Each structure stands twice: as C-alpha cells, then as structure tokens.
Amino acid sequence: MVKSIEVRIQEQHDALSKAERTAASAVLLHQGDLAQYTLDDLARLAGVSKSTVARLFRALGYASYRDARYESSLPSAGVSVPLDVLTI
C-alpha cells in the first residue's frame, strides 16, 4: 500500500531540518493541489530553496518531486475509477 504524503511527513518529521519542516508545512497546506505546483512554486510558497524542497521529497522516500506530484495526481486508493476513464 502506498503511504500518503501526510503519513510520510508525520513519520519523518523529527528527522527533518528546520527548513525541510517549513517546506513540509507548505506541502501539507497545498497537498490537494500539489500536482499543479512546480518545484520552484512550492519553494516560493514555503520560503525555502529549491534544494530544500528536493531534499524533503527524497527524505520522504520519493525519487524526486516529480514522482510525488505524479502520485498526488492519482485517484485515491479507496476510490474506484473505470479503466476507460484512465489515460496512460
């Protein structure tokens, strides 16, 4: 089962730097719209560097911010979507 970004942040919170926690707070505030933000946008919203945002997502277990954005754009695990609606 895929962990939500919220769960990942909760699990890693104490290991994150202060700047990464700031970025994590911005992620939590905007997690519903995460797929719409670029790395630059998210860094600007959080008031941290792009490198900090990239480090945050690696610390959360993602290979990259792009992977996290992709995952956030997928339908929730509890929601069923007809296969003919999905585009690959």
Side-chain angles (χ1 to χ4, degrees):
M1 185 170 141
V2 177
K3 292 181 186 179
S4 72
I5 197 157
E6 189 171 348
V7 169
R8 291 174 187 240
I9 289 171
Q10 289 172 351
E11 290 177 348
Q12 294 299 317
H13 186 269
D14 293 341
L16 300 175
S17 70
K18 183 177 179 181
E20 290 167 344
R21 286 185 201 145
T22 300
S25 293
V27 168
L28 291 174
L29 286 173
H30 301 285
Q31 64 183 328
D33 301 321
L34 195 60
Q36 298 176 19
Y37 293 108
T38 65
L39 183 72
D40 291 338
D41 294 336
L42 194 53
R44 216 171 299 116
L45 283 170
V48 298
S49 71
K50 294 184 293 184
S51 298
T52 297
V53 175
R55 278 192 307 273
L56 168 65
F57 283 96
R58 282 194 306 273
L60 297 178
Y62 295 101
S64 67
Y65 175 60
R66 184 174 63 176
D67 289 349
R69 284 179 66 194
Y70 172 74
E71 184 179 290
S72 74
S73 71
L74 296 175
S76 297
V79 177
S80 63
V81 177
L83 291 176
D84 63 335
V85 175
L86 296 176
T87 57
I88 298 178

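The analysis underlying the following values was restricted to heavy atoms, covering all of them including side chains, and did not include hydrogens, waters or symmetry mates. All values derive from a computational prediction rather than experimental measurement.
Distance check, rounded to the nearest 0.5 Å: CG of D67 to CD of E71 gives 8.5 Å. To the nearest 0.5 Å, atom CG of residue D33 and atom CG of residue L42 are 11.0 Å apart. The OG atom of S25 lies 6.5 Å from the NE2 atom of H13; values are rounded to the nearest 0.5 Å.
Between T52 and R55, the side chains place a donor N or O and an acceptor N or O closer than 3.5 Å (distance only, hydrogens not considered).
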Stepwise side-chain contact (heavy atoms from CB on, under 4.5 Å) test for V53 and Y37: CA-CA 12 Å; V53 175; Y37 293 108; over 6 Å; no
Pair Y65, L34 - check side-chain contact (heavy atoms from CB on, under 4.5 Å), show working. CA-CA 10 Å; Y65 175 60; L34 195 60; 3.6 Å; yes
Verify side-chain contact (heavy atoms from CB on, under 4.5 Å) between E20 and Q12, making sure each step is shown before the conclusion. CA-CA 10 Å; E20 290 167 344; Q12 294 299 317; over 6 Å; no
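Heavy atoms only, all atoms of each residue included: A35 and S72 are closest at N-OG, 3.5 Å. Of all heavy-atom pairs between A59 and L16, the closest is CB-CD2, 3.9 Å. Annotation for A23 and A46: closest pair CA-CB, 3.8 Å, computed over non-hydrogen atoms. Here the closest non-hydrogen pair linking A54 and L39 is N-CD1, 4.1 Å.
Under the 4.5 Å side-chain heavy-atom criterion for ILVMFWY residues, a single connected hydrophobic cluster contains both L28 and L56.
Remark: the backbone N or O of T38 is not paired with any side-chain donor or acceptor of R69 at under 3.5 angstrom.
Two residues are said to be in side-chain contact when any heavy atoms from C-beta on lie closer than 4.5 Å; R44 and D40 meet this criterion.
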